[in-house]
Amino acid sequence: MLARLNIALLGLLAPALSFAGDAISATEKQPLNLHAIGMFVLFVSMTLGITYWAAGRTKSASDFYTAGGGITGFQNGLAIAGDYMSAATLLGLTALVYTKGVDGYIYMIAFFAGWPIILFLMAERLRNLGKFTFADITSYRLNQSKVRTMAAVSSLTVVCFYLVAQMVGAGQLIKLLFGLDYNIALFVVGALMMVYVTFGGMVATTWVQIIKACMLLAGGTLVAVLAMSQFGFSFEKMMGQAVSLHSLGEKLLFPGSLLPDPITALSLGLGLMFGTAGLPHILMRFFTVTNAKEARKSVLYASGFVAYFFNVILLMGFAAIIIVGQNPEFFEGGQIGGKIVGGGNMIAMHLAKAVGGNLLLGFLSAVAFATILAVVSGLALAGAAAISHDIYARVIRKGSATETEELRVSRFASVGLGLVAIVLGIAFEKMNVAFMVALAFGIAASANFPVLILSMYWRGLTTRGAIAGGYAGLVAAVLLVVLSKSVWVTVLGNAQALFPYDQPALFSMPLAFLITFIVSKLDNSAEAQAERAAFEDQYVRAQTGFGAADASSH
Amino acid sequence: MSSTSNQSAVYARIRKNPRFTELVSKRQGFATLLSVIVLTIFYGFFMVVAFNPNLIGQRLSEGSYVTVGIAAELFMFIFFWVLTAVYVKRANGEFDAITEEVVRDAAKGVK
């Protein structure tokens, strides 16, 4: 039942793992992989050491949420790239190029193209206006309680769905790669995540992400170089063999089944671009740097690493067609062209084994595990910040909570989220969680992004408008995903999807914009007037950074 | 620690500074231009994928496996990244210099 993968989601998977989820139905637990476990233990000890060090530096709320704002652009760039390049990227996209050829490359460019836009339109304003969460920006001149509650609700929805998708994927993947039991894998991931976030806050989370990003870049590069060396580093030679050996033949070079119509293509592009720009854990990274200068540099480095890595994946995928696709060792029963051992997601891993033996396979497996760990930590931190900073400190205590109290709540929240993630992860083990990723991106693009961008750019935005549009986007995104094939047919077992596309963004996002706009326009209350007037000061701060949250230097 | 009213006074002074207007219009214009370039090329490419997929697989030269699609995408990866570099360079240099100047002038006048 899990075999039906919603391919159109794949590009959206930033750090998610529905592709990995796809593999599970077809696979059993693999034998214990000692190299991988050894290297993973090494990674964990290193990151725990860092967490210990970070714990000593995590004293204030600003340390906890944003590493004291002292991360450099380069470090943050690596961390963002780490958030963006997940296990799904490595495994799913390599597999996609392996099976579909150039389609995989088209996905990757869609995945990448949002970054320049985030830089041009958002990075600087985010840094100048935000402090700990993106709700700081949306509620800057609007009604604190109402707008923060809404932002926290949609953030937590995004985080929870994403977290569950991650956890389920993680359990399956770890079962595959390490030969560990699903539940044990979940406990390991959940427990480590709680330790990183609760003790080390954003400092530890960022460094875990940085180390992992370096490992991923190094591992991928090594595999690609070793693979290319088998073709004398000739792209033409490799492609010639790939085209002649692949069952698709020449079709490998043409767009195929993944992008059947313009609506799908457009919805995909929108969902990717603006979903990313509405993900709370990605937005939070912009508050960890010193100033707008560093925020811009973060995007420059992050997009550079992402672009580089995607091209590495392209080479890996094509090389695997020949190196893995022609080696009976990697097919069940030694039948070339049959079922891949461990499922389709294992292509990258098989390639690593073929070109670098068990040692490289172990390394790449450890990288995949580390990737999951790093991504769930970032998510948990963003969720904890929404609970403690937005709901507890600003809505419930109306700003009267001390920093110590707020910090205590955020730590409890991280532990709570960890437990929720483990429990839901176990509960959803047998379910196709692909829709959760669509939902997370849909909500991010439809509830978070419109209000966020309008609050930064549009003077006319009022509380009523933001609330109406934000909740409309939230509800529309949820509804459309429920009616789409991934829930309506795959989960609920109906025959025909009521909403024919996988990504709701193309419809729910414009709806959110429209409602926000109309309701704001019609709002002539005294509060609305004051909110419009307050735009002027906010605008100057957004442009100049004057009055922006300072970095407490480390 | 500057009070809110103090801060508001600085904001008001910044707003009145013609250099601020210049900064905003220059930077916004530049950011918009670059965004339009990226979006046009990106969605243009997607429209080709959707409506004329055969063009994507066309080879650039006889006997080569570098197709229009692969070349165009590689170009986008590089070109978009170069555009981010161009923006960062100008924003962190020229634009930030004006920003600092505007803020300095305004803060001086209030204190």
Side-chain angles (χ1 to χ4, degrees), chain A residues 73 102 105-106 108-110 112-113 115-117 119-121 123-124 235-240 242-243 250-256 259-266 268-269 273 291-294 296-297 299-300 303-304 306-308 310-311 314 536-541 543-547, chain B residues 2 4 7-8 10-12 14-15 20 23-24 27-28 30-35 37-39 41-43 45-51 53-54 56-59 63-67 69-70 72-74 76-78 80-81 83-85 87-89 91-92 95-96 99-100 102-103 106-107:
Chain A
V102 101
Y105 205 28
I106 295 173
M108 289 190 256
I109 191 74
F112 167 75
W115 280 106
I117 303 297
L119 170 69
F120 303 149
L121 300 182
E124 167 183 321
F235 182 72
E236 298 287 348
K237 193 173 162 201
M238 176 181 75
M239 290 304 286
V243 168
E250 284 284 323
K251 287 204 187 107
L252 214 51
L253 304 172
F254 292 86
L259 300 155
D261 62 277
I263 303 253
T264 303
L266 207 67
L268 177 78
M273 229 176 230
N291 50 32
K293 259 192 180 61
E294 297 299 315
R296 295 187 198 106
K297 278 193 214 159
V299 183
L300 177 67
S303 57
V306 171
Y308 166 78
F310 281 169
N311 283 282
L314 179 77
E536 301 304 327
D537 279 0
Q538 180 202 321
Y539 181 70
V540 177
R541 171 163 159 183
Q543 295 285 356
T544 61
F546 180 76
Chain B
S2 63
T4 317
Q7 221 173 46
S8 265
V10 176
Y11 288 142
I14 291 177
R15 243 186 329 267
F20 174 70
L23 166 74
V24 170
R27 188 168 55 197
Q28 200 55 59
F30 192 51
T32 309
L33 173 73
L34 295 182
S35 303
I37 294 175
V38 169
L39 291 173
I41 296 177
F42 176 72
Y43 282 106
F45 176 77
F46 262 69
M47 287 300 117
V48 176
V49 169
F51 292 110
N54 284 335
I56 299 292
Q58 216 113 84
R59 288 147 191 239
S64 165
Y65 285 94
V66 180
T67 59
I70 290 175
E73 291 204 53
L74 187 61
M76 281 191 281
F77 272 116
I78 296 169
F80 291 172
W81 189 74
L83 289 186
T84 65
Y87 180 79
V88 170
K89 188 156 190 340
N92 282 4
F95 297 148
D96 273 4
T99 310
E100 271 163 38
V102 166
V103 171

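Hydrogens, waters and symmetry mates play no part in the numbers below; they use all other heavy atoms, side chains included. Lettering follows sequence order; numbering is per chain, from 1.
Under 4.0 Å is where a charged nitrogen must lie from a carboxylate oxygen, and between A/E124 and A/K293 no such pair does.
With a 4.5 angstrom heavy-atom cutoff, B/I78 does not touch chain A via any of its atoms. Residue B/Y43 touches chain A through its side chain alone, counting heavy-atom pairs closer than 4.5 Å. Proximity to chain B (any heavy atom under 4.5 Å) is shown, for A/M108, by both the backbone and the side chain. Residue contact with chain A, scored on non-hydrogen atoms closer than 4.5 Å, involves the side chain of B/Q28 exclusively. For a residue to count as touching a neighbouring chain, one of its non-hydrogen atoms must lie under 4.5 Å from one of that chain's; by this rule B/I70 touches chain A with backbone and side chain alike. No part of B/F95 comes within reach of chain A, as not one of its non-hydrogen atoms sits under 4.5 angstrom from that chain. Residue B/T67 touches chain A through its side chain alone, counting heavy-atom pairs closer than 4.5 Å. Looking at A/V243, the atoms closer than 4.5 Å to chain B (heavy atoms on both sides) all sit in the side chain, from C-beta outward. Residue contact with chain B, scored on non-hydrogen atoms closer than 4.5 Å, involves the side chain of A/F310 exclusively. With a threshold of 4.5 angstrom between heavy atoms, A/A110 approaches chain B through its backbone and through its side chain. Within the 4.5 angstrom heavy-atom criterion, only side-chain atoms of B/F20, from C-beta onward, approach chain A. Heavy atoms closer than 4.5 Å to chain A are found in both the backbone and the side chain of B/T84.
The choice from A/F112, A/Y105, A/Y539 that makes the most heavy-atom pairs within less than 4.5 Å of chain B is A/Y105. Your options are A/R296, A/K297, A/M239, and the one with the most heavy-atom pairs under 4.5 Å with chain B is A/R296. Of the residues considered (A/L252, A/L253, A/I109), A/I109 shows the highest number of contacts with chain B, using heavy-atom pairs under 4.5 Å. Contact count versus chain A (heavy atoms, under 4.5 Å) is highest, among B/V38, B/I14, B/T32, B/D96, for B/D96.
Taking CG of B/L34 as the start and CZ of B/F30 as the end, the distance is 4.5 Å to the nearest 0.5 Å.
Looking at A/Q543 and A/Q538, their side chains never come closer than 4.5 Å, going by heavy atoms from C-beta outward. When side chains are defined from C-beta on, A/I117 does not count as touching B/F42, because their heavy atoms never get closer than 4.5 Å. Between A/F120 and B/L33, every side-chain heavy-atom pair lies at or beyond the 4.5 Å cut-off. Within the 4.5 Å cutoff, no side-chain heavy atoms of A/R541 are placed close to those of B/Q7.
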Next on the checklist: The test is side-chain contact (heavy atoms from CB on, under 4.5 Å); show your working for B/F77 and A/N311 and say whether it passes.
Outcome noted: CA-CA 9 Å; B/F77 272 116; A/N311 283 282; 3.6 Å; yes

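Although no hydrogens or angles enter the test, the distance criterion places a donor-acceptor pair under 3.5 Å between the side chain of B/Y11 and the main chain of A/F546. Panel note: side chain A/D537, backbone A/V540; no donor-acceptor pair is recorded below 3.5 Å.
For A/E536, the side-chain hydrogen bond (donor to acceptor under 3.5 Å, both in side chains) criterion is met by A/R459, not counting sequence neighbours.
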